[in-house]
Structure formats: structure tokens, C-alpha cells
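The shown structure was predicted, so the numbers you read here are calculated from the model rather than taken from an experiment. Because only heavy atoms are used, hydrogens play no part in the values below, and waters and symmetry mates are left out as well, while side chains stay in. Sequence positions, counted from 1, serve as the residue numbers for this chain.
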Amino acid sequence: MGLPIVAIIGRPNVGKSTLVNRLAGEQTAIVHDEPGVTRDRTYLPAYWGDREFLVVDTGGLVFNDDTEFLPLIRQQALAALSEASAAIFVVNGQTGPNSADEEIAEWLRQQPVPVLLAVNKCESPEQGLIQAAEFWQLGLGEPYPISAIHGNGTGDLLDELIKHIPVVTDVPENNEIKIAIVGRPNVGKSSLLNAFVGEERVIVSPISGTTRDAIDTFLERDGQAYRLIDTAGIRKKKNVEYGTEFFSINRAFKAIRRADVVLLVLDALDGVTDQDQKLAGRIIEEGRACVIVVNKWDAVEKDSYTIYDYEKNLEARLHFTEWADTIYVSALTGQRVEKILALVNQGAAEHKRRVSTSVINEVLEDAVRWHSPPTSRSGKQGRIYYGTQVSTQPPTIALFVNDAKRFNDNYRRYIERQFREQLGFKGTPIRLLWRSKKVRDMEVGSTNRATRV
């Protein structure tokens, strides 16, 4: 990963995620007044002085209770500590130390990682010193009074922290491919991420809503770096109540927006649902490259026609993503999981590919020769003057025409098919901007004019 790691540890509802957002300088970790909102490890970049590091949010620790997700949360916290250069133990200054804090402190004293004690919710500087003094009894050294929500005292905490953070002088160039893993609840998104990294990176459970934050995981294969973003399962809007799930789904949509490639995970046993169609539409709307991952393929009873029948169903239900590659995998057994990355690489490359104006106009010339633009009832025919690619991610081509209204949907789809057949763009959506003659000069300038098609 390159950067040193700082783990944020503490019992539920002491303000760990608020402190993570403060240190990272962004509102990324979900903050909500409800215990157990954070469950997995969430990595965010931060810096102080000349030190850069990754701050890791972890779930609230509870010992002597093995109900629901608590043992798995402890496992995630221990994993965070095992890779950390230092840890910050967050406690609640308003309630004072309790037995849960003492249990965590005893556990931390057994770990080979330097631990700083942050006494949160000390909004008053004067009162904060008194509140913090009570925590000397935990035996972890000096308690630092802070207010994560306002930033009070965090500077002193960070001054002490960077004494344990090595200076990184050779951070590699950031050429990573960002991959968002999205889908409905329980289609196997977290299992897929764990299959990539070969460890229990995120909690997997049959209980819907296990993943809440958008979890970033770093991976490298054959010299290529990847950032995998696991997201909460996205249900129908009418089924989502305001609260933790509401924030989780917003994070998932933001993950799509910041990704280079989106893995749309489908459940092979369920087929393509209406919600899957809506998610595919969202991916196209955001202009992201996409790979359709049909998970749980090992659980499907197969005969010689199964794959063909399934492909027909996909083609019918997701016809608007015909440009996306589809792969059939099993996250449980690891079947074909590694092959996903080859499709990701292709989609990412096509997503940022640029084609010269001369090549675009050759395609247009051939397309018009084979199929002339439509003619209106009054006898006026559409005419394409020229095209040029104006941006990437996704590839966007502006077509300058005499009147955009003369080109119906069928002809526009025909032109897009010609671009795909001649130029590829496999794995990524493309956008065509139809510009009428009256705005041509204003938008591209007279020096950009090409030979009429």
C-alpha cells in the first residue's frame, strides 16, 4: 500500500468515525447516532506536517458478547492493528471511563503497537483537562482531550502521533484503477472482494445490510494497482428508511461516481431483477465502465443449454449494456474471479481512450454511405458535417450537423453501433453529442472544421 497505517479503536458510539473524518479532512465515514454503524475497516488518506498516512476506521469493540456481528467486528479491529504503525484509542470524556474501556485498554496493552489515548467530546478546553485526567487509570499514558466534531485538541494529538509514523519518500505514482462493487443486498459483493484479496477483508453474513460504509481495499496484480470499493446493497428506494441504510446507499452511489470501472454483481439464482436494471442505468448515467459479474454460478443446475438461455435473458433484460463484458463466477469457490481483472483492465483502458478526428470522420463517412440520414416530410435531409472526440471517461464524441432534430433515435443508435463496430470501446459507455449548425462555430471554433462527411 505504501503509506503507514493508523488504526482508530474504541467501543461503540465514542466518535471514532467523526475523528476519522476530521483527520482525513472529508466526510467519508458514516456518522450516525446509533451503535454498530461502522463494521468493516475503512481506509482514508490523511497527513500532518511532513507525514502522510492512512487512517483506518473500525467497528465498535465489545468484549464478552458474541451476538450478531460483534466477533467479526473484533476480528476486523485486530486485522487493522496487525498492519498499523500506531493506534488511537478513542474514549468518551463526557461519560468517563467504564468497564468496556478498561477491557479494551487491557487488550491494547498486549498489542505490539504504540497506542495514543484520545478523550473525545471534550468541547470545553478547561473542562476537557479535568475529563481527560480520569483516564490516566487506563494505564495507556497521557490522555489527550479532543473534540472530533470541532477539531479542538487534535493538533496536539497528531503532533504526538507522527512521532510513530515513518516518513514516506517513495510513494509510487498513482496509476491505480478504482473498482466499485455494486449490487442488490446478498448477491455476494463482500464475498467477491474477499476472494480477490484472499482474506476476510470485510464481514460476510446472510443478514441483509451487513456492509454499510463504502470500503476501500488496495490490491496489486502484475504491477497494476487497484482500489476495490465494496458498497452497501442497494434496495428499492421505497424500502429504504432514513438512517444508516440511507447514508450507506448514498455512499454506494458516490462510489459509482468515483470509480473507473463498476462491477455490477448479479445473483445467478435470481436472474436480472428490476433493481438490477435500475443499477445498470445508474452506471450508464454516471458514465462509468462496467463489467457484469454473475455470481453464485456454482449453485446453478446446468445442462448444455443453461449458459445460452442465461445469456439470452441477460441480453433481453440488460440490452442497454450490450457493450459491457459478462463473466460467470463463484466468489465462494474463487471460480474465474481472477479473470475479472483482465476485463477491468480492458474497460478502464477503453474508458479513457481517445480517437483522432480523422478516424472518427472515416467512420462517419462509411456510415453515411451505407445508410443516409433521414429526410423530413418537407424533404429536408439531415447532414453530418464532421465529428470529433471532446472528452474521455467516458469517451464523448460531438457530431456537428445541420439540424439535430432531423436525426431520430433509430439513426442515432445506428451511428453509435457504427462507432462500436469500427472503433471498439468495449466495456465502456460512449456519449454522442448532436450539435446543430447554428451553434457549431460558437462551440468548436472555425479552426477545428473538418472535411464535410
Side-chain angles (χ1 to χ4, degrees), residues 39-42 68-69 72-73 75-76 178-217 219 221 226-236 239 245 248-249 251-253 255-256 259 261-280 282-283 288 290-302 306-307 310-311 313-314 317-318 321 324-344 347:
R39 292 173 176 172
D40 301 294
R41 311 197 302 275
T42 305
E68 202 173 4
F69 298 103
L72 298 173
I73 290 174
Q75 179 184 335
Q76 292 294 309
K178 294 185 286 295
I179 308 170
I181 306 174
V182 305
R184 295 178 295 108
N186 282 353
V187 295
K189 300 182 297 298
S190 296
S191 297
L192 184 62
L193 187 148
N194 289 336
F196 274 124
V197 300
E199 63 165 306
E200 290 296 315
R201 171 63 184 82
V202 290
I203 295 172
V204 177
S205 167
I207 299 174
S208 177
T210 302
T211 300
R212 291 177 166 182
D213 265 310
I215 309 299
D216 284 20
T217 300
L219 182 69
R221 291 287 191 279
Y226 303 91
R227 180 193 294 259
L228 301 172
I229 311 166
D230 188 23
T231 62
I234 302 173
R235 298 193 296 164
K236 292 182 178 180
N239 295 331
E245 186 178 11
S248 298
I249 290 174
R251 293 286 192 273
F253 287 152
I256 292 174
V261 182
V262 178
L263 303 184
L264 175 57
V265 184
L266 309 181
D267 188 321
L269 299 174
D270 294 341
V272 181
T273 68
D274 292 345
Q275 188 67 358
D276 294 325
Q277 290 179 314
K278 291 177 181 177
L279 283 172
R282 182 70 179 233
I283 294 166
R288 302 299 94 184
C290 180
V291 176
I292 297 172
V293 179
V294 182
N295 190 27
K296 306 183 186 179
W297 191 243
D298 58 312
V300 175
E301 293 185 11
K302 304 176 187 68
T306 302
I307 186 69
Y310 210 97
E311 286 176 345
N313 181 56
L314 279 177
R317 299 281 286 169
L318 294 176
T321 61
D325 282 302
T326 300
I327 186 169
Y328 299 83
V329 308
S330 169
L332 183 64
T333 66
Q335 181 185 27
R336 285 188 288 272
V337 168
E338 284 294 324
K339 293 183 178 180
I340 294 173
L341 293 179
L343 302 180
V344 165

Enquirer: Working to the nearest 0.5 angstrom, can you tell me the gap between L314 CG and E311 CD?
Expert: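 The distance works out to 7.5 Å.
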Enquirer: With a 4.5 Å cut-off on side-chain heavy atoms, are T326 and V294 touching?
Expert: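 Contact flag for V294/T326 side chains = yes.
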Enquirer: Just how far is it from atom NZ of K296 to atom CG of L332, taken to the nearest 0.5 Å?
Expert: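 If I round to the nearest 0.5 Å, the distance is 10.0 Å.
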Enquirer: Taking 4.0 angstrom as the limit, do D274 and R317 come out as a salt bridge?
Expert: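 A salt bridge links D274 with R317.
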Enquirer: Angle between ring planes, W297 versus Y328, binned at 30° and 60°: parallel, tilted or perpendicular?
Expert: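 The rings of W297 and Y328 sit tilted, inter-plane angle from 30° to 60°.
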Enquirer: Kindly write out the residues that satisfy side chain to side chain contact (heavy atoms under 4.5 Å, CB included) with D325, not counting sequence neighbours, or none if the list is empty.
Expert: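 Applying side chain to side chain contact (heavy atoms under 4.5 Å, CB included) to D325 gives L343, Q346, K426.
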Enquirer: Nearest 0.5 Å, please: how far is CD1 in I292 from CG in L266?
Expert: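 Between L266 CG and I292 CD1, I get 6.5 Å after rounding to 0.5 Å.
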Enquirer: Ignoring hydrogens, what is the shortest heavy-atom contact between F196 and R221? Give both atom names and the distance.
Expert: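 Minimum heavy-atom separation between F196 and R221: O-NH2, 2.7 Å.
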Enquirer: For N295, give me all partners under side chain to side chain contact (heavy atoms under 4.5 Å, CB included), at least two apart in sequence or on another chain.
Expert: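 N295 satisfies side chain to side chain contact (heavy atoms under 4.5 Å, CB included) with V265, V329, A331 once adjacent residues are dropped.
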Enquirer: Locate the shortest heavy-atom distance separating V337 from S330; write the atom from each residue and the value.
Expert: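 Looking at all heavy atoms of both residues, the shortest contact is CG2-O, 3.8 Å.
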Enquirer: Step by step, work out the side-chain hydrogen bond (donor to acceptor under 3.5 Å, both in side chains) result for S191 and N194.
Expert: CA-CA 5 Å; S191 297; N194 289 336; 5.7 Å; no
Enquirer: Go through V187 and D276 one step at a time and tell me if the side chain to side chain contact (heavy atoms under 4.5 Å, CB included) criterion holds.
Expert: CA-CA 11 Å; V187 295; D276 294 325; 5.6 Å; no
Enquirer: Determine yes or no for a side-chain-to-main-chain donor-acceptor pair under 3.5 angstrom, with T321 supplying the side chain and A324 the backbone.
Expert: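 Side chain of T321 to backbone of A324: no pair is present.
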Enquirer: For residues N186 and R184, determine if any side-chain heavy atom of one lies less than 4.5 Å from a side-chain heavy atom of the other.
Expert: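 No, too far: nothing below the 4.5 Å cut-off.
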Enquirer: I179 pairs by side-chain contact (heavy atoms from CB on, under 4.5 Å) with which of L193, L219, L341?
Expert: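 Between I179 and the candidates, side-chain contact (heavy atoms from CB on, under 4.5 Å) is satisfied uniquely by L341.
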Enquirer: Can you tell me which residue among I283, I229, V182, V293 is in a side-chain contact (heavy atoms from CB on, under 4.5 Å) with L263?
Expert: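 For L263, the side-chain contact (heavy atoms from CB on, under 4.5 Å) test succeeds with only one of I283, I229, V182, V293, which is V293.
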